[in-house]
Number of protein chains: 2
Amino acid sequence: MKIELSYTEENYLKAIFSLSVKKESAVSTNEIAQKLETKASSVTDMIKKLNDKKLVDYKKYQGVSLTDFGRSTAVYIVRNHRLWEVFLVEKLNFSWDEVHDIAEQLEHVKSEKLTERLEAFLDHPTHDPHGDPIPDENGNINHESSEPLFNIEKGSTCVLVGVRDSSSLFLQFLDNSNIKLGSEIKVIHKEVFDNSMTVVVDTLTRSLSSQITKNLFVKEVN
Amino acid sequence: MKIELSYTEENYLKAIFSLSVKKESAVSTNEIAQKLETKASSVTDMIKKLNDKKLVDYKKYQGVSLTDFGRSTAVYIVRNHRLWEVFLVEKLNFSWDEVHDIAEQLEHVKSEKLTERLEAFLDHPTHDPHGDPIPDENGNINHESSEPLFNIEKGSTCVLVGVRDSSSLFLQFLDNSNIKLGSEIKVIHKEVFDNSMTVVVDTLTRSLSSQITKNLFVKEVN
DNA sequence: TATTATTTTTAGACGCATCTAAATAAATGT
DNA sequence: ACATTTATTTAGATGCGTCTAAAAATAATA
Ligand SMILES: [Mn+2]
Ligand SMILES: [Mn+2]
Ligand SMILES: [Mn+2]
Ligand SMILES: [Mn+2]
């Protein structure tokens, strides 16, 4: 099942996909507008078009959800994005805070063969540099259980397995704090007042705001 | 000197650049239209815009030529294109007839750093898989003397250094004929009737039409 | 040189993706 | 339940890149 999609259509699908992951219900016009930094009226126009192309299900005023077709198209783009991020970090020695914007461009290059060759060249990576799983050629995503550091109880120890914010500023902050994927984090205090957390990483004690702990995804260890 | 160019504007610059290489005079509207498979009226509109942006010099009815700025922009895209072609062949094991269309997409990815890192990763290649020189980071192109096999005299021996047609059909024909960059070609007969040529490549004798010999670029050896 | 043919430009339209402003529907609060 | 706020859609416009048809300029030819 092939179809010619514009760069823009692909970005809408990707946005709807990522907004759908967290929620079960339909995605709202405004959510999409915010994510894509555009206006709600533009979103309405586009989702009508995507609806005509059977990529989304849309009822006026009822929000939008991906069809199976739309979902698999979105996943294919996500696959490209994450493979290119791995390439940039592993082969071209970019740091993890530099690759997202370039991958936003590369993900739209259309060639099935390119994707498969790239994946093989990279030795079939399972995760991108930010800990996000890379969908396989059939669109299956290996969802592993992880939760925001925000949820971890005082006294527990966990391992950082993903970051849910690819902005340079956030990632550079983590670099400067010596926090990386695989780091062991022990929660030693939770401040009720502002929900900040005191943790120990690499023998160093740090205080992390809730904005940060909500974007760090961890697995508990015993 | 930076400027935001659309995909389309870049393709026009590249087309004008490649048409300018052979000729000294200005490039005509129709030539560009033919190269880009579009209409002359569309070309007129676009070259007006490029003229406004100081990328080309344009006088009504007098054709168009690149400014220094336009030329360096075009060369930068050509550099990207050829580096990506090398990547696809050398690293992802594509054959030389598969890479042009993918590189047409990749060449538009905007990141100076990506270009430089890619070049280093590829060990600073000097030529792309079709024998075309790769401009360096300053836009300098190493023009080597070569001429179409068509011009070579009977009895001379030469080496294939470039192909001036990146179509799959042509390149696959060469593959099937065991003709590749570096192949030694000895001219043993030139047919006056249809300008075809009889040559020896790899101990095998072959007849090549003028359409072929005009697209094979060689260097004579003694 | 005058006539014809070709090339190039202009005029006017269209589809895409976007916007602002206005209208309408849905959600919220008293 | 009614009024108000918020979310969503529609109406109408713009810029980009394209097209066809017609006009204008240039080139070719008789
Ligand atoms: Mn990313
Ligand atoms: Mn990522
Ligand atoms: Mn090419
Ligand atoms: Mn090439």
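The chains referred to below are lettered A, B, ... by the order of the sequence lines, with proteins before strands, and numbering in each begins at 1.
- Counting non-hydrogen atoms under 4.0 angstrom, A:T29 reaches the backbone sugars and phosphates but no base.
- Remark: P of D:dA23 and NZ of B:K60 are 16 Å apart, rounded to the nearest angstrom.
- At a cut-off of 3.5 angstrom, the base of D:dT20 holds at least one donor-acceptor pair with the side chain of B:S41.
- One atom, CD of B:Q62, and another, C1' of D:dT26, lie 9 Å apart when rounded to the nearest Å.
- Rounded to whole angstrom, the span from the NZ atom of B:K59 across to the C1' atom of C:dT8 amounts to 16 Å.
- Both the sub-6.0 Å distance and the 45° axial angle are satisfied by A:R117 relative to the ring of B:F94.
- The residue A:T8 sits close only to the backbone: its heavy atoms come under 4.0 Å of sugar-phosphate atoms, none of a base.
- Contacts of B:Y7 with the nucleic acid, taken as non-hydrogen atoms under 4.0 Å apart, are absent.
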Q: Go through the steps for B:E107 and B:R82 under the test salt bridge (charged side-chain N to carboxylate O under 4.0 Å, His left out), then give the verdict.
A: CA-CA 8 Å; B:E107 71 189 5; B:R82 293 180 181 167; over 6 Å; no
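- Closest contact between the side chain of B:Y61 and the listed nucleotides C:dT8, D:dT8, D:dT18 involves C:dT8.
- Ring geometry for A:F121 against B:F121 counts as perpendicular: the plane angle is over 60°, on a 0 to 90° scale with 30° as the lower cut.
- Contact annotation: A:S6 does not reach the phosphate of C:dC16 (side-chain N/O to OP1 or OP2, under 4.0 Å).
- Straight-line distance from the NZ atom of A:K39 to the C1' atom of C:dA22: 15 Å, rounded to whole Å.
- A:Y58 places its OH atom 3 Å from the P atom of D:dT9, with the value rounded to the nearest Å.
- For the pair B:D45 CG and C:dT10 C1', the computed distance is 9 Å after rounding to whole Å.
- Contact between the side-chain N/O atoms of A:N30 and the OP1/OP2 oxygens of D:dT8 is found at a separation under 4.0 Å.
- A centroid separation of 6.0 Å or more is found between the aromatic rings of A:Y12 and A:Y7.
- OP1 or OP2 of C:dT18 lies within a sub-4.0 Å distance of a side-chain N or O belonging to A:Y12.
- Nearest nucleotide to the A:S42 side chain, out of C:dT9, D:dA7, C:dT18: C:dT18.
- For the pair B:K214 and B:F150, the distance from NZ or CZ to the six-membered ring centre is under 6.0 Å and the angle to the ring normal is within 45 degrees.
- Atoms CG (A:N11) and P (C:dC16) sit 17 Å apart, rounded to a whole Å.
- Put simply, NZ on A:K48 is 16 Å from C1' on C:dG15, counting in whole angstrom units.
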